[in-house]
Amino acid sequence: MAVSAPDLKAFLLATPFFGGLSDPSLDRLISMLVECRFDAGATVVAEGEPGRSLFIVKSGRLAVNKRASSGSIVPISDLAPGDFFGEMTLIEMQNRSATVVAEAPTVLYELTAQNLYACYKADIHAYVIVLQNINRELCRRLRRADDRFAGHRVDDDN
């Protein structure tokens with residue numbers, strides 16, 4: 001389903017993914033988004049499967065898990081409205097690195113690699129801002145992982 005809610009623009013500008021974009025750039029990206037709905041318990045993406053899109057969480061709650069070499073499931077993180085995931089497949093063009101499961105009824109906005117490339121061709125400035133936003137979020141996640149690894153208390157607000 002194509003996206004066109006009037007309050008969508010304000011929501012997206014408040015997310016880390018779309019921050020700093022001009023109105024015309026944001027409108028272009030909004031036109032590329034596809035709304036996806038998932039019931040509680042549904043697997044959105046599975047570790048190891050091919051992936052060519054990322055998702056922005058509009059509503060709901062999701063769990064990110066990874067399979068350990070022993071076969072057990074390791075919880076990685078939880079996702080809430082405003083978060084995004086799937087960006088690694090767009091950057092490194094590898095299979096999905098984790099499984100994401102909806103823990104409640106969930107609404108996501110999907111942006112495909114093809115549409116991100118169309119953004120690059122049409123609006124290089126917006127494309128650079130989006131990549132900077134993705135990189136900032138990846139750095140935040142890496143810092144949190146480093147802190148967990150080092151045994152420091154992790155504050156989700158930082």
Side-chain angles (χ1 to χ4, degrees), residues 1-3 5 8 11-21 29-30 32-120 126-158:
M1 164 187 326
V3 177
L8 180 60
F11 167 76
L12 292 175
L13 278 174
T15 69
F17 186 83
F18 291 99
L21 289 171
L29 281 165
I30 286 173
M32 297 175 176
L33 297 176
V34 175
E35 184 178 281
C36 305
R37 294 177 177 270
F38 295 89
D39 293 327
T43 298
V44 178
V45 300
E47 183 177 354
E49 75 182 9
R52 299 297 294 143
S53 62
L54 64 81
F55 298 89
I56 299 104
V57 182
K58 169 62 173 158
S59 64
R61 216 176 45 255
L62 301 109
V64 181
N65 302 299
K66 200 159 175 53
R67 188 166 298 281
S69 56
S70 66
S72 62
I73 302 297
V74 178
I76 301 296
S77 68
D78 296 309
L79 300 170
D83 292 333
F84 63 88
F85 64 95
E87 71 289 336
M88 288 171 51
T89 64
L90 299 185
I91 293 170
E92 64 179 354
M93 296 188 298
Q94 299 289 319
N95 290 343
R96 299 282 184 193
S97 65
T99 297
V100 179
V101 176
E103 293 187 319
T106 299
V107 177
L108 305 174
Y109 297 126
E110 183 177 25
L111 179 65
T112 66
Q114 182 177 359
N115 282 335
L116 190 58
Y117 181 71
C119 173
Y120 162 76
Y127 178 79
V128 169
I129 289 172
V130 165
L131 287 185
Q132 286 177 319
N133 289 342
I134 289 171
N135 286 325
R136 277 189 198 98
E137 182 61 22
L138 289 172
C139 289
R140 284 184 203 108
R141 293 175 189 175
L142 182 57
R143 285 181 187 276
R144 285 193 303 265
D146 288 349
D147 286 345
R148 279 194 302 267
F149 184 73
H152 298 140
R153 182 179 167 272
V154 177
D155 182 2
D156 286 331
D157 293 332
N158 292 329

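Source: prediction; values computed, not measured. We number each residue from 1, following the sequence as shown.
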**Message:** How about CD on E92, more than 12 heavy atoms from neighbouring residues, nucleotides or ligands closer than 6.0 Å, or not?
**Reply:** yes
Are [X] and [Y] side-chain neighbours, meaning at least one heavy-atom pair lies under 4.5 Å?
| X | Y | result |
| --- | --- | --- |
| R61 | D78 | no |
| N133 | I129 | yes |
| V130 | L21 | yes |

**Request:** Could you please spell out the steps behind the side chain to side chain contact (heavy atoms under 4.5 Å, CB included) verdict for E110 and L33?
**Result:** CA-CA 5 Å; E110 183 177 25; L33 297 176; over 6 Å; no
From [X] atom [atom1] to [Y] atom [atom2], the distance as rounded to the nearest 0.5 Å:
| X | Y | atom1 | atom2 | result |
| --- | --- | --- | --- | --- |
| I91 | L54 | CD1 | CG | 9.0 Å |
| Y109 | L12 | OH | CG | 7.0 Å |
| I134 | C139 | CD1 | SG | 12.0 Å |
| R140 | N135 | CZ | CG | 11.0 Å |
| L108 | I56 | CG | CD1 | 9.0 Å |

**Request:** Provide the full list of ring-ring contact (aromatic ring centres under 6.0 Å, His included) pairs with a residue in residues 38-78, sequence neighbours left out, each pair given once.
**Result:** F55-F85
**Asked** Looking only at heavy atoms, what is the nearest atom pair of S59 and P81, with distance?
**Response** CA-CG, 3.9 Å
**Complete:** Correct closest heavy-atom pair for A68 and V74 would be CB-CG2, 3.7 Å
**Request:** Could you tell me which residues satisfy ring pair (Phe, Tyr, Trp, His ring centres under 6.0 Å) with F84, sequence neighbours excluded, listed by chain and number?
**Result:** F17
**Prompt:** What residues, two or more places apart in sequence or in another chain, satisfy ring pair (Phe, Tyr, Trp, His ring centres under 6.0 Å) together with Y127?
**Reply:** Y120
**Donor-acceptor pair, side chain of N115 and main chain of M32, under 3.5 angstrom** = yes
For a quick test of your reading: what N or O donor-acceptor pairs under 3.5 Å do the side chains of residues 99-107 make, sequence neighbours left out?
unit_1 : atom_1 : unit_2 : atom_2 : d
T99    : OG1    : E47    : N      : 2.9
T106   : OG1    : A104   : O      : 2.6

**Prompt:** Who pairs with E87 by salt bridge (charged side-chain N to carboxylate O under 4.0 Å, His left out), at least two apart in sequence or on another chain?
**Reply:** R141
**Request:** Please name all residues satisfying side chain to side chain contact (heavy atoms under 4.5 Å, CB included) with A113, sequence neighbours left out, ordered by chain then number.
**Result:** R52, L90
